[in-house]
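Below is one structure, written out as structure tokens; comments come after it.
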Amino acid sequence: MNYFFRKAGIKDIEFISKVIIEAEKSGSTMIGLANILETDESTLKEYLIKILEEEIDGCEFSLSSFVIAEYNETPVAAFGGWVEGENEDGQPSFVLKSNLIGFLLPKEKVVALKNKSEAIKGIAIERELQTHQLEYAYVIKEQRGNHLINMIIDELLKIAKNQNSSIKKSQVQVFENNTAAVRVYENSGYKITKRVESKNPETLKYFPFNVKLLMEKEL
């Protein structure tokens, strides 16, 4: 099949919001982000659209970070990638993400998020500055098995190296039980370098699993 790869734009916000939600499920029926914000899927989508419309660069909620694969002029897959700390204000992605949530979401949702900070910290892996980061991969059901995520990773790495030739490492975080995703990343040359297991029983109330892996690829 012939695919066309391009960076996401304003017209793609609806599709990218779906990408984020489906990726949050991580092969399960749970939506981690919806759970910690105590909301449903449709309302989460509304929040994500508002966040993506801000077009803030440098985090997993940055529209500019996504590359889309098109087939017959229709988006069929996407993946986000950025260089950590390389944005207008030099801020790490968690600060940018926190600011977006704090400014755009209702106060009670921000409080709900803060109340679950310990469960979140249990599986948190800090992102290294000046490394390439991957987050939120999704392929529509009809196009799976065609190595689209691997092809998009190649495109994301080309973009990153063109913007900053000094980056030496690309990283992706994945729940350990999402074995299909682990295999996809291994096929692109990523190797498991860290395993973080949450001992907090609350973690499994909000997330698909309580073990997260860090996978890396030298560039």
Side-chain angles (χ1 to χ4, degrees), residues 5-9 12 16 19-20 23-24 26 32-33 48 51-52 54-69 77-104 113 117 120-138 148-176 178 181-198 207 211-219:
F5 299 92
R6 60 174 177 81
K7 294 191 71 173
D12 303 303
I16 296 302
V19 167
I20 294 172
E24 277 282 331
S26 189
L33 192 55
L48 289 171
I51 288 172
L52 291 165
E54 291 295 304
E55 295 191 82
I56 300 297
D57 297 333
C59 73
E60 53 266 57
F61 292 153
S62 302
L63 185 62
S64 61
S65 77
F66 286 88
V67 163
I68 287 175
F79 205 174
W82 70 95
V83 178
E84 182 71 5
E86 193 169 277
N87 52 75
E88 185 177 353
D89 298 317
Q91 296 282 0
S93 58
F94 81 89
V95 172
L96 298 174
K97 185 168 83 169
S98 297
N99 288 344
L100 284 166
I101 290 173
F103 291 145
L104 297 173
L113 175 62
S117 60
I120 296 169
K121 287 178 183 176
I123 53 169
I125 299 176
E126 186 175 354
R127 300 185 190 275
E128 294 183 35
L129 289 174
Q130 292 303 305
T131 60
H132 182 254
Q133 297 290 319
L134 293 169
E135 188 76 37
Y136 292 141
Y138 174 66
L148 273 171
I149 293 303
N150 301 108
M151 289 188 273
I152 294 176
I153 288 174
D154 289 342
E155 293 294 321
L156 287 166
L157 292 178
K158 286 178 188 175
I159 292 169
K161 292 295 280 186
N162 284 337
Q163 292 175 344
N164 184 345
S165 60
S166 66
I167 58 171
K168 304 297 183 185
K169 186 190 298 181
S170 179
Q171 299 179 326
V172 62
Q173 300 180 23
V174 60
F175 286 106
E176 187 179 53
N178 193 347
V182 172
R183 286 195 298 270
V184 168
Y185 303 140
E186 286 176 338
N187 288 338
S188 280
Y190 289 78
K191 297 179 180 179
I192 298 170
T193 59
K194 190 173 186 177
R195 182 181 185 273
V196 175
E197 180 175 357
S198 174
F207 297 101
V211 180
K212 189 176 277 189
L213 304 175
L214 176 65
M215 302 182 69
E216 297 183 346
K217 177 179 180 176
E218 299 295 328
L219 303 179

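Worth knowing before you read on, the calculation uses all heavy atoms, side chains too, and leaves out hydrogens, waters and symmetry mates.
Glu24 contributes a side-chain N or O that, together with a main-chain N or O of Leu33, makes up a donor-acceptor pair within less than 3.5 Å. A donor-acceptor contact shorter than 3.5 Å links the side chain of Lys161 to the backbone of Ile167. A donor-acceptor distance shorter than 3.5 angstrom exists from the side chain of Asn87 to the backbone of Gln91, with no hydrogens or angles considered. Judged by distance alone, with hydrogens and angles left aside, the side-chain atoms of Gln173 form a donor-acceptor pair with the main-chain N or O of Ile125 at under 3.5 Å.
When the salt bridge (Lys or Arg N to Asp or Glu O under 4.0 Å) test is applied to Glu216, the partners found at least two apart in sequence or on another chain are Lys169.
Ring geometry for Tyr185 against Tyr190 counts as perpendicular: the plane angle is over 60°, on a 0 to 90° scale with 30° as the lower cut.
The minimum heavy-atom distance linking Ile123 with Ser198 is given by the pair CG2-CB, 3.5 Å. When every heavy atom of Val196 is checked against every heavy atom of Gly122, the shortest pair comes out as CG1-O, 3.5 Å. Residues Gly32 and Phe207 approach most closely at CA-CD2, 4.3 Å, considering heavy atoms. The two residues Gly85 and Leu129 come nearest to each other via the heavy atoms CA-CD2, 3.9 Å. Summarising the geometry of Leu52 relative to Ser62, their closest heavy-atom pair is CD2-C, 4.4 Å, with the distance given to 0.1 Å. Contact record, Val19 with Tyr136: CG1-O, 3.6 Å, taken as the closest heavy-atom pair.
Atom CG of Leu219 and atom OG of Ser166 lie 10.5 Å apart (nearest 0.5 Å). Residue Glu218 holds its CD atom at 10.0 Å from NZ of Lys168, rounded to the nearest 0.5 Å. Considering CD of Glu176 and CG of Leu213, their distance stands at 5.0 Å, rounded to 0.5 Å. Between the NZ atom of Lys194 and the NZ atom of Lys212 there is a distance of 11.5 Å, given to the nearest 0.5 Å. Between the CD1 atom of Ile149 and the OH atom of Tyr138 there is a distance of 10.5 Å, given to the nearest 0.5 Å.
A side-chain N or O of Ser93 and one of Glu84 form a donor-acceptor pair less than 3.5 Å apart. With hydrogens and angles left out, the side-chain atoms of Ser188 and Asn150 include a donor and acceptor closer than 3.5 Å.
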message = The test is side chain to side chain contact (heavy atoms under 4.5 Å, CB included); show your working for Phe66 and Ile152 and say whether it passes.
response = CA-CA 9 Å; Phe66 286 88; Ile152 294 176; over 6 Å; no
ask   = Yes or no on side chain to side chain contact (heavy atoms under 4.5 Å, CB included) for Ile51 and Ile56, after CA distance, side-chain angles and deciding distance?
value = CA-CA 8 Å; Ile51 288 172; Ile56 300 297; over 6 Å; no
key: Intermediate values then yes/no, side chain to side chain contact (heavy atoms under 4.5 Å, CB included), Glu88 and Asp57   = CA-CA 8 Å; Glu88 185 177 353; Asp57 297 333; over 6 Å; no
request  = Walk me through it: do Glu155 and Lys7 pass the test side chain to side chain contact (heavy atoms under 4.5 Å, CB included)?
outcome  = CA-CA 9 Å; Glu155 293 294 321; Lys7 294 191 71 173; over 6 Å; no
When the side chains of residues 96-104 are checked against the rest of the protein, which donor-acceptor pairs come out under 3.5 Å, sequence neighbours left out?
| from | atom 1 | to | atom 2 | distance (Å) |
| --- | --- | --- | --- | --- |
| Lys97 | NZ | Glu60 | OE2 | 3.1 |
| Ser98 | OG | Phe94 | O | 2.7 |
| Asn99 | ND2 | Val95 | O | 3.4 |

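Within the 4.5 Å cutoff, the side chain of Ile16 has no heavy atoms near those of the Leu48 side chain. Under the 4.5 Å side-chain criterion, counting only non-hydrogen atoms from C-beta, Glu135 is in contact with Arg127. You'll find the side chain of Phe79 stays beyond 4.5 Å of the side chain of Leu148, heavy atoms only. A heavy-atom distance below 4.5 Å is found between the side chains of His132 and Leu156.
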